[in-house]
Amino acid sequence: MKHSREAPIGIFDSGIGGLTVAHSIYERFPHENIIYFGDTAHLPYGDKSEAAIQAYSIKIADLLLKKGCKAIVIACNSASSASYELLKEYVRDQAIIINVIDPMIELVASTLNNKKIGLIGTKRTIQSGIYSKKIKLINPELKIQTLATPLLAPMIEEGFYNNQISHEIIANYLSDSSIAAIDALILACTHYPLIKKEINDFYDSKVAILDSAQVVAQALGHQLQKENLLNQSGIANLQFLVSDYTESFEAATQLFFGEKVKLQWHPLWN
Ligand code: DGL
């Protein structure tokens with residue numbers, strides 16, 4: 001890999017969800033330059049076909065490679081389940097490529113033996129069955145009970161969290177019998193950390209709520225270190241690109257990164 005340490009890290013999601021991952025990366029590696037791409041023109045990914053998400057992912061990866069990214073983080077479960085294998089093939093040795101599923105699988109396999117595990121995510125992620133398949137390869141004893149919760153990402157994207165409507169939608173989903181009596185719940189969508197407190201309140205803090213932001217940042221750090229590409233000095237340059245400008249995206253971005261945000265419109269197809 002012929003990048004300099006100063007080369008940026010590219011991070012993408014359908015919208016604001018991946019900012020939970022981007023922020024965690026920024027906190028852990030404050031000198032790293034970051035290019036964030038929110039594919040707001042195609043949001044939500046969770047309801048799209050695998051082929052559509054693959055097409056968007058390739059376009060975005062292309063853009064991030066053209067911008068010289070040393071690493072690409074697929075900060076979206078729907079895209080990680082639909083496009084990771086394809087992107088790995090496409091990107092090859094041009095950049096490190098990280099998805100949000102594998103680091104969570106490793107965490108679950110090493111810490112949740114004999115526990116009843118639930119998982120919520122988009123339709124695309126749940127239909128792919130990817131978490132169950134990957135867990136089975138590491139620990140065939142571990143079973144995951146899954147539930148698609150398709151309203152949550154668009155709800156969060158619209159700024160509906162910590163209010164009456166979000167409480168009711170969350171309670172309705174989490175009362176579903178398919179994820180009853182669990183010890184831990186995996187948030188298999190990068191939007192969901194924004195409603196983590198509400199989920200925790202629903203369970204009265206009796207269920208461990210796991211999101212991938214920290215473990216993904218950690219996994220990225222290991223890879224960068226291995227390739228000797230960790231940037232340990234200088235002031236980080238943060239760039240935020242969107243395929244369609246929305247006010248809610250700008251507001252959410254500022255929520256995470258404050259004044260540092262310079263939002264740029266960058267259509268994927270001209
Ligand atoms: N944040 C994404 C995920 O982790 C996508 C949500 C969506 O666009 O449906 O799946």
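If you read the sequence from its start, that first residue is 1, and numbering goes on from there.
- The closest side-chain heavy-atom distance from Leu152 to His191 is not below 4.5 Å.
- In terms of modelled atom types and a separation under 3.5 Å, the side chain of His167 and the main chain of Asn162 share no donor-acceptor contact.
- Counting heavy atoms from C-beta on, the side chains of His222 and Gln218 come closer than 4.5 Å.
- Formation of a donor-acceptor pair under 3.5 Å by the Asp204 side chain with backbone atoms of Lys206 is not found in this model.
- Side chain of Thr125 to main chain of Gly121: no donor-acceptor pair is present (N/O by atom type, distance under 3.5 Å, no hydrogens or angles).
- With ring centers used as reference points, Phe12 lies 6.0 Å or more from Tyr36.
- Looking at heavy atoms from C-beta onward, Ile209 lies in side-chain contact with Val207 at the 4.5 angstrom threshold.
- Side-chain atoms of Lys59 do not come within 3.5 Å of backbone N or O of Gln54 as any donor-acceptor pair.
- Taking the six-membered ring wherever Trp is involved, the centroid distance between the rings of Phe37 and Phe240 does not fall below 6.0 Å.
- Hydrophobic clustering (ILVMFWY, side-chain heavy atoms < 4.5 Å, transitive): Leu43 and Trp265 are in distinct clusters.
- The two residues Leu224 and Ala71 have their closest heavy-atom pair at CD2-CB, 4.4 Å.
- Taking OG of Ser166 as the start and CD1 of Ile195 as the end, the distance is 7.5 Å to the nearest 0.5 Å.
- With no hydrogens or angles considered, a side-chain donor-acceptor pair links Asp39 and Ser243 at under 3.5 Å.
- Atoms OG and NZ, on Ser128 and Lys133 in that order, are 6.0 Å from each other to the nearest 0.5 Å.
- Taken to the nearest 0.5 Å, the CG atom of Leu185 stands 10.5 Å off from the CD1 atom of Ile117.
- Not a single donor-acceptor pair under 3.5 Å links the side chain of Arg28 to the backbone N or O of Ile25.
- Atom CD1 of Ile235 has 12 or fewer heavy atoms from other residues, nucleotides or ligands within 6.0 Å.
- Minimum interatomic distance between Lys116 and Ala181 (heavy atoms only, all atoms of both residues): CD-O, 3.3 Å.
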task: Assess whether side chain to side chain contact (heavy atoms under 4.5 Å, CB included) is satisfied between Thr122 and Asn77, documenting all intermediate values.
output: CA-CA 8 Å; Thr122 65; Asn77 284 263; 5.9 Å; no

- request: For salt bridge (charged side-chain N to carboxylate O under 4.0 Å, His left out), just list the numbers for Lys70 and Glu32, CA-CA rounded to whole Å, side-chain angles, deciding distance to a tenth of an Å, and then say yes or no.
  value: CA-CA 11 Å; Lys70 61 185 174 186; Glu32 293 291 352; 2.7 Å; yes

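- Note that the SG atom of Cys76 and the CG atom of Asn99 stand 11.0 Å from one another [nearest 0.5 Å].
- A 4.5 Å side-chain heavy-atom check between Asn231 and Ile9 finds every atom pair outside the cut-off.
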message: Would Gln164 and Glu168 count as a side-chain hydrogen bond (donor to acceptor under 3.5 Å, both in side chains) here? Give the steps.
response: CA-CA 6 Å; Gln164 189 61 29; Glu168 284 182 21; 2.9 Å; yes

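- Side-chain contact between Tyr245 and Thr40: absent, with no pair of heavy atoms (C-beta onward) separated by less than 4.5 Å.
- Taking the side chain as every heavy atom from C-beta outward, Arg124 and Ile53 approach each other to under 4.5 Å.
- The two residues Tyr131 and Val100 come nearest to each other via the heavy atoms OH-O, 4.2 Å.
- Expressed to the nearest 0.5 Å, how far CZ of Arg5 lies from CD of Gln232 amounts to 7.0 Å.
- With hydrogens and angles disregarded, a donor-acceptor distance shorter than 3.5 Å links the side chain of Tyr173 to the backbone of Leu151.
- Of the possible donor and acceptor atoms, one in the side chain of Asp13 sits under 3.5 Å from a partner among the backbone N and O of Gly18.
- Counting heavy-atom neighbours within 6.0 Å of Phe160 CZ, excluding the residue itself, gives a total of 12 or less.
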message: Determine whether Ser175 and Phe202 satisfy the following criterion, side chain to side chain contact (heavy atoms under 4.5 Å, CB included), listing intermediate values before the conclusion.
response: CA-CA 9 Å; Ser175 306; Phe202 173 86; 3.7 Å; yes

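- Taking CG of Leu238 as the start and CD1 of Ile34 as the end, the distance is 5.5 Å to the nearest 0.5 Å.
- No donor-acceptor distance shorter than 3.5 angstrom exists from the side chain of His31 to the backbone of Ala236, with no hydrogens or angles considered.
- The side-chain heavy atoms of Thr20 and Asp211, taken from C-beta on, include no pair separated by under 4.5 Å.
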message: Walk me through whether Ile98 and Ile74 qualify under side chain to side chain contact (heavy atoms under 4.5 Å, CB included).
response: CA-CA 6 Å; Ile98 300 273; Ile74 312 172; over 6 Å; no

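- A donor-acceptor contact closer than 3.5 angstrom is absent between the side chains of Gln254 and Glu250.
- Applying the 6.0 Å contact sphere to NZ of Lys196 captures more than 12 heavy atoms from other residues, nucleotides or ligands.
- Under the side-chain contact (heavy atoms from CB on, under 4.5 Å) rule, Leu119 has a single partner from Thr149, Ile179, Thr146, Leu210, which is Thr146.
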- prompt: Which is it for Ile199 and Ile170 under the side chain to side chain contact (heavy atoms under 4.5 Å, CB included) test, yes or no, and what are the steps along the way?
  reply: CA-CA 7 Å; Ile199 293 175; Ile170 290 166; 4.1 Å; yes

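- Across all non-hydrogen atoms, the minimal contact from Asn237 to Asn33 is N-OD1, 2.8 Å.
- The two residues Ala109 and Ile135 come nearest to each other via the heavy atoms N-CD1, 4.5 Å.
- In this structure, Asn113 places its CG atom where more than 12 heavy-atom neighbours from other residues, nucleotides or ligands lie under 6.0 Å away.
- Shown here for Ser178 and Leu147, the closest heavy-atom pair between the two residues is OG-CD1, 3.5 Å.
- Side-chain contact between Lys134 and Asp102 is present, with heavy atoms from C-beta onward closer than 4.5 Å.
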